[in-house]
Amino acid sequence: MKYQNILITGGCGFIGTNFINYLFNLKEFTGNVINIDKLTYAGNPNNLIDINEKYGNDRYFFYKTDITDISSIDTVFEKHAVDCIIHFAAESHVDRSIHGPGEFIQTNIIGTFNLLETVRKHWKNSKDFLFHHISTDEVFGSLGNTGYFYETTPYDPRSPYSASKASSDHLVMAYFYTYAIPITISNCTNNYGQYQFPEKLIPLMINNMLEEKDLPVYGKGKNIRDWLYVQDHCSGIWKIVQNGRRGETYNFGGENEWTNIDLLNILCEEVAIQKNKDKDYYKKLITYVKDRAGHDHRYAINCDKVKEELNWKQSVTFNEGLTKTVKWYLSNIKWMNDIKSGQYKNWIEKNYCQR
Ligand code: NAD
Ligand code: DAU
């Protein structure tokens with residue numbers, strides 16, 4: 001096994017949580033995980049309670065750490081001989097970046113810069129070190145009804161979120177060329193699955209169905225997203241960490257494009273089936289609301305490179321993934337309620353429920 005001390009940033013968020021679970025379920029993984037997370041509204045340490053019980057302070061270490069504070073990152077590097085970083089931590093929600101971009105600049109740009117600087121101090125010119133940066137397809141901008149984003153597509157971010165992610169990608173690549181720090185970057189389309197914070201389309205809609213609240217569709221619902229089951233993203237990240245060429249970027253996608261309204265109709269049917277309701281029961285809640293400012297029309301990615309070079313492919317069909325996802329949310333009402341009783345509730349009510 002190549003890496004023994006993997007530092008995960010943002011491990012208490014949606015993808016980070018899924019990735020840490022994925023890692024500990026891998027027979028080949030015998031190393032340690034050091035999870036640093038600020039625990040913003042999106043970070044929930046309860047997600048990893050089982051991992052903590054099984055491996056806490058033995059192979060799993062959690063530090064409540066803000067990556068905008070470089071000295072606290074340094075303290076973690078002094079304690080652990082980190083040989084790999086997988087950097088998930090970010091402000092991740094486009095709507096929030098429109099309402100208040102400041103945090104996005106701080107965490108996504110300055111936070112990434114702080115991590116890179118800490119690595120520059122500690123990596124000891126080891127060829128076996130790796131900084132893997134998790135990024136998004138949104139850095140490439142917005143597509144019309146045809147075409148795809150390739151690894152070579154020029155960056156053209158449109159929201160404060162995607163601009164901050166683009167900026168962090170450039171910094172990571174700059175540290176490869178300037179300081180020869182071994183890095184890899186992955187750009188992924190929309191993930192879905194368990195533990196996703198219910199501000200994002202799929203869990204928000206499931207939550208609202210269960211509460212019989214409006215299902216707010218932005219604009220005409222014709223924007224298109226490509227959806228990848230989160231476990232498939234995790235398996236891909238691990239393939240890059242193990243065998244990806246250093247200094248390279250890799251695209252991930254589901255090759256599974258849906259308009260928002262079509263996806264929502266299917267989701268309504270899936271929740272209805274699992275709740276033993278009439279197939280169309282929840283569709284009456286669909287409500288068209290004001291569009292997102294600068295709403296990107298379509299994201300779609302070409303992921304041939306990672307398929308050909310690293311033998312990755314999606315393993316979960318959209319039907320299977322959506323069924324599993326709905327099942328998980330219906331079986332984890334307490335998880336949702338815990339979130340809603342916190343900061344999330346105030347924010348969501350202010351921004352959506354009063355529309
Ligand atoms: P998330 O919002 O669910 O989780 C983000 C995590 O980062 C939280 O645990 C939060 O507490 C932590 N965090 C935020 N600011 C921090 C700070 N200053 N210091 C330390 N920790 C901090 O996000 P996610 O959906 O899991 O996304 C993870 C990464 O994947 C992000 O970099 C995002 O840009 C990228 N990404 C997400 C998707 C998607 O569909 N969710 C798709 C492509 C790429
Ligand atoms: O493409 C990757 C990106 O996917 C990630 O980088 C981001 O971190 C992640 O949040 C996601 O961004 P989106 O903006 O695509 O995801 P979101 O779930 O917010 O919205 C998906 C689509 O649904 C988008 O076209 C906006 C629309 N939407 C969203 C919400 C929350 C609605 O119509 N109504 C809603 O209430």
Side-chain angles (χ1 to χ4, degrees), residues 8-19 35-45 47-48 63-69 72-73 86-98 103-104 106-108 110-112 114-115 133-140 142 149 157 159 161-162 164-165 168-169 186-193 195-205 208 214-228 230 233 237 252-254 258-261 263-264 286-292 295-301 348 351-352 355:
I8 305 283
T9 72
C12 297
F14 164 47
I15 308 177
T17 291
N18 278 287
F19 186 78
N35 175 13
I36 64 171
D37 195 303
K38 178 182 173 183
L39 302 181
T40 66
Y41 76 93
N44 184 348
N47 293 353
L48 291 162
Y63 297 94
K64 186 173 185 299
T65 302
D66 183 344
I67 59 168
T68 67
D69 172 11
S72 64
I73 308 172
I86 309 178
H87 176 31
F88 295 91
E91 286 293 337
S92 68
H93 191 38
V94 174
D95 291 329
R96 285 181 192 254
S97 83
I98 295 166
E103 287 284 319
F104 288 72
Q106 289 305 319
T107 289
N108 299 0
I110 306 297
T112 303
N114 287 342
L115 285 165
H133 179 60
I134 308 292
S135 191
T136 170
D137 60 351
E138 299 198 11
V139 296
F140 297 120
S142 178
F149 299 133
S159 71
Y161 164 70
S162 54
S164 67
K165 290 297 290 185
S168 63
D169 294 9
S186 50
N187 296 82
C188 189
T189 57
N190 289 59
N191 285 215
Y192 70 100
Y195 296 110
Q196 187 166 31
F197 194 84
E199 64 186 349
K200 308 283 166 55
L201 183 72
I202 290 180
L204 175 85
M205 294 300 179
N208 285 14
D214 287 353
L215 308 176
V217 176
Y218 297 165
K220 295 190 166 70
K222 295 292 183 195
N223 300 68
I224 295 168
R225 297 291 181 267
D226 168 42
W227 295 90
L228 177 68
V230 64
H233 188 190
I237 293 166
F252 287 118
W258 293 91
T259 62
N260 292 334
I261 190 64
L263 186 151
L264 184 53
I286 293 177
T287 309
Y288 291 90
V289 298
K290 190 166 167 259
D291 208 353
R292 172 184 279 175
H295 197 169
D296 288 339
H297 173 63
R298 173 171 167 258
Y299 306 138
I301 219 153
I348 205 85
N351 289 282
Y352 293 117
R355 275 177 197 277

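Fair warning: this is a prediction, and the values are worked out from it, not measured in the lab. Just so you know, ligand 1 is whichever comes first in the structure, and atom 1 is the first atom listed for that ligand.
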**Q** So, is I67 polar-close to ligand 1, with some N/O to N/O distance under 3.5 Å?
**A**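 Checking ligand 1 against I67, an N or O pair does fall under 3.5 Å apart.
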**Q** Is there a side-chain contact between I237 and F19 in this structure, where contact means two heavy atoms from C-beta onward sitting under 4.5 Å apart?
**A**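 Yes. Closest side-chain heavy atoms under 4.5 Å.
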**Q** Report the part of L204 (side chain from C-beta onward, or backbone N, CA, C, O) that has a heavy atom under 4.0 Å from ligand 2; answer both or neither where that applies.
**A**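 Side chain only.
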**Q** Side chain or backbone of E138 under 4.0 Å from ligand 2, or both, or neither, by non-hydrogen atoms?
**A**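 Only the side chain of E138 comes within reach of ligand 2.
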**Q** Is H87 close to ligand 1, meaning an N/O of one under 3.5 Å from an N/O of the other?
**A**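 Not met; the criterion fails.
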**Q** Indicate yes or no: at least one non-hydrogen side-chain atom of E138 is less than 4.5 angstrom from one of V94.
**A**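 E138 vs V94: side chains touch.
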**Q** Output the list of atoms in ligand 2 that are nearer than 4.0 Å to some heavy atom of K200, sorted by atom number.
**A**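 Atoms satisfying the 4.0 Å criterion: 10 (O), 18 (O).
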**Q** How many angstroms lie between CG in D95 and NZ in K200, if you round to the nearest 0.5 Å?
**A**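 D95 CG to K200 NZ: 9.5 Å, rounded to 0.5 Å.
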**Q** Does P216 offer a backbone N or O that forms a donor-acceptor pair with the side chain of D214 under 3.5 Å?
**A**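 No; zero donor-acceptor contacts below 3.5 Å.
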**Q** Considering only heavy atoms, which of F88, F104, W227, F197 lies nearest to atom 31 (C) of ligand 1?
**A**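 The option holding the nearest heavy atom is F88.
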**Q** Does the side chain of H297 come under 3.5 Å of the side chain of S142 through a donor N or O and an acceptor N or O?
**A**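 Checked: H297/S142 side chains show no N/O donor-acceptor pair below 3.5 Å.
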**Q** Could you identify the single nearest non-hydrogen protein atom to atom 8 (C) of ligand 1 and state the distance to 0.1 Å?
**A**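 Sorting protein heavy atoms by distance from atom 8 (C) of ligand 1 puts D37 OD2, 3.6 Å first.
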**Q** Heavy-atom distance to atom 20 (O) of ligand 2: which of R292, R298, M205 wins?
**A**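 Ranked by closest heavy atom to atom 20 (O) of ligand 2, first place is R292.
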**Q** Looking at ligand 1, does G111 have a heavy atom less than 4.0 Å from it?
**A**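 G111: no contact with ligand 1 (<4.0 Å).
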**Q** Does the side chain of Y161 come under 3.5 Å of the side chain of E91 through a donor N or O and an acceptor N or O?
**A**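 On atom types as modelled, these side chains do not qualify, holding no pair under 3.5 Å.
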**Q** Judging by distance only, is a nitrogen or oxygen of T40 under 3.5 angstrom from one on ligand 1?
**A**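 Yes.
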**Q** Tell me which protein heavy atom sits closest to atom 5 (C) of ligand 1, plus the residue, atom name and distance to 0.1 Å.
**A**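 Checked against all protein heavy atoms, atom 5 (C) of ligand 1 sits closest to A90 O, 3.4 Å.
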**Q** Does S162 use its side chain to pair, donor to acceptor, with the backbone of V139 at less than 3.5 Å?
**A**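 Checking the backbone N and O of V139 against the side chain of S162, no donor-acceptor pair under 3.5 Å is found.
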**Q** Measure from the side-chain N and O atoms of T259 to the backbone N and O of I224, and report whether any donor-acceptor pair falls under 3.5 Å.
**A**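 No, T259 side chain to I224 backbone: no donor-acceptor pair under 3.5 Å.
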**Q** With respect to D95, determine whether any N or O atom, backbone or side chain, lies less than 3.5 Å from an N or O atom of ligand 2.
**A**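 So ligand 2 has no N or O lying under 3.5 Å from an N or O of D95.
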**Q** If you take the nearest heavy atom of each of N35, T136, T189, which one is closest to atom 42 (C) of ligand 1?
**A**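 Going through N35, T136, T189 one by one, T189 has the nearest heavy atom to atom 42 (C) of ligand 1.
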**Q** From atom 34 (N) of ligand 2, work out which of G219, P216, C188, S135 has a heavy atom at the shortest distance.
**A**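 Selected option, by shortest heavy-atom distance: P216.
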**Q** Residue-level breakdown please: for D137 versus ligand 1, do any non-hydrogen atoms fall below 4.0 Å on the side chain, on the backbone, on both, or on neither?
**A**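 Neither part.
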**Q** Taking N35 for the side chain and G11 for the main chain, is one N or O donor matched with an acceptor at less than 3.5 Å?
**A**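 Side chain of N35 to backbone of G11: a pair is present.
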**Q** Just going by heavy-atom distances, which of E103, K165, K64, E199 is nearest to atom 32 (O) of ligand 1?
**A**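 Looking at heavy atoms only, the winner is K165.
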**Q** Are the side chain of D226 and the backbone N or O of G254 linked by a donor-acceptor pair below 3.5 Å?
**A**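 It does hold such a pair.
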**Q** Which atoms of ligand 2 have any heavy atom of Y161 under 4.0 Å away?
**A**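 Those atoms are 5 (C), 6 (O), 7 (C), 8 (O).
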**Q** Below 3.5 Å, N or O to N or O, backbone or side chain included: is there any such pair between G13 and ligand 1?
**A**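 Among all N and O atoms of G13, at least one is under 3.5 Å from an N or O of ligand 1.
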**Q** Look only at interatomic distance and state if I36 has a nitrogen or oxygen under 3.5 Å from any nitrogen or oxygen of ligand 1.
**A**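 Between I36 and ligand 1, no N or O pair is found under 3.5 Å apart.
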**Q** Going by the order shown, which atoms of ligand 1 are within less than 4.0 Å of some heavy atom of L39?
**A**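 Matching atoms, with element in brackets: 11 (O).
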**Q** Hey, does L228 sit under 4.0 Å from ligand 1 if you only count heavy atoms?
**A**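 The answer is no: ligand 1 sits nowhere under 4.0 Å from a heavy atom of L228.
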**Q** State whether the shortest distance between N or O atoms of D66 and N or O atoms of ligand 1 falls below 3.5 angstrom.
**A**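 Yes.
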**Q** Could you list which atoms of ligand 2 come closer than 4.0 Å to a heavy atom of S92?
**A**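 Going through ligand 2 atom by atom, the ones under 4.0 Å from S92 are 7 (C), 8 (O), 9 (C), 10 (O).
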**Q** Who's closest to atom 1 (O) of ligand 2 heavy-atom-wise, of D137, I301, T259, V94?
**A**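 The residue whose heavy atom sits nearest atom 1 (O) of ligand 2 is D137.
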**Q** Counting only N and O atoms by type, is there a donor-acceptor contact under 3.5 Å from the side chain of N114 to the main-chain atoms of I67?
**A**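 Present.
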**Q** Taking non-hydrogen atoms only, is Y195 closer than 4.0 angstrom to ligand 1 via side chain, backbone, both or neither?
**A**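 Within the 4.0 Å criterion, Y195 makes no contact with ligand 1.
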**Q** Any chance you could measure R225, atom CZ, to N190, atom CG, to the nearest 0.5 Å?
**A**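 Between atom CZ of R225 and atom CG of N190 there are 6.0 Å.
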**Q** Closer than 4.0 Å to some heavy atom of T136 - which atoms of ligand 2 meet that?
**A**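 Counting from 1, the qualifying ligand atoms are 1 (O), 2 (C), 3 (C), 5 (C), 6 (O).
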**Q** Has K220 got a side-chain atom pairing as donor or acceptor with Y288's backbone, closer than 3.5 angstrom?
**A**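 The answer is no, because no donor-acceptor pair under 3.5 Å joins these two groups.
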**Q** Under 4.0 Å from a heavy atom of G43: give me the atoms of ligand 1 that qualify, with their elements.
**A**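 Counting atoms of ligand 1 from 1, those under 4.0 Å from G43 are 8 (C), 9 (O), 11 (O).
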**Q** Apply side-chain contact (heavy atoms from CB on, under 4.5 Å) to residues T107 and T40 and explain how you reach the verdict.
**A** CA-CA 11 Å; T107 289; T40 66; over 6 Å; no
**Q** So for ligand 1, is Y41 a polar contact partner (N or O within less than 3.5 Å, distance only)?
**A**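 No; every N/O pair is 3.5 Å or more apart.
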**Q** With heavy atoms of T107 as the reference, note each atom of ligand 1 found under 4.0 Å away.
**A**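 Taking each heavy atom of T107 in turn, ligand 1 has 15 (N), 16 (C), 17 (C), 18 (N) under 4.0 Å.
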**Q** Examine the proximity of ligand 2 to T189 and report which part, side chain or backbone, both or neither, has a heavy atom under 4.0 Å away.
**A**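 Backbone only.
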**Q** Would a distance-only check, ignoring hydrogens and angles, find a side-chain to backbone donor-acceptor pair under 3.5 Å from N47 to C12?
**A**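 Yes, N47 side chain to C12 backbone: donor-acceptor pair under 3.5 Å.
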**Q** Does at least one non-hydrogen atom of G221 fall below 4.0 angstrom from an atom of ligand 2?
**A**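 Checking ligand 2 against G221, which is what was asked, there is no heavy-atom contact under 4.0 Å.
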**Q** Can you figure out which of Y288, W258, Y218 has its heavy atom closest to atom 29 (C) of ligand 2?
**A**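 Result: the heavy atom closest to atom 29 (C) of ligand 2 is in Y218.
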**Q** Any side-chain to backbone donor/acceptor pair from N18 onto V230? Under 3.5 Å, distance only.
**A**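 Not at all, since once roles are kept as given, no pair shorter than 3.5 Å links the two residues.
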**Q** Under 3.5 Å between some N or O of ligand 2 and some N or O of N260?
**A**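 By distance alone, the answer is yes.
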**Q** Measuring from the heavy atoms of K165, does anything fall under 4.0 Å of ligand 2?
**A**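 Heavy atoms of K165 never come under 4.0 Å of ligand 2.
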**Q** Look at the aromatic rings of H87 and H133 and report parallel, tilted or perpendicular, splitting at 30° and 60°.
**A**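 Rings of H87 and H133: tilted, as their planes differ by 30° to 60°.
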**Q** Validate the cation-pi geometry between R96 and Y41: distance from NZ or CZ to the six-membered ring centre under 6.0 Å, angle to the ring axis within 45°.
**A**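 The answer is yes, since R96 meets both limits relative to Y41.
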**Q** For ligand 2 and V217, I'd like to know whether there is a polar contact (N/O to N/O, distance under 3.5 Å).
**A**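 So ligand 2 has no N or O lying under 3.5 Å from an N or O of V217.
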**Q** So for ligand 1, is G11 a polar contact partner (N or O within less than 3.5 Å, distance only)?
**A**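 No; every N/O pair is 3.5 Å or more apart.
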**Q** Would you check the N or O atoms of S135, main chain and side chain alike, for any that come under 3.5 Å of an N or O of ligand 1?
**A**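 No; every N/O pair is 3.5 Å or more apart.
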**Q** Determine whether the side chain, the backbone, both or neither of T9 has a heavy atom under 4.0 Å from any heavy atom of ligand 1.
**A**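 Under 4.0 Å from ligand 1, T9 contributes no heavy atoms.
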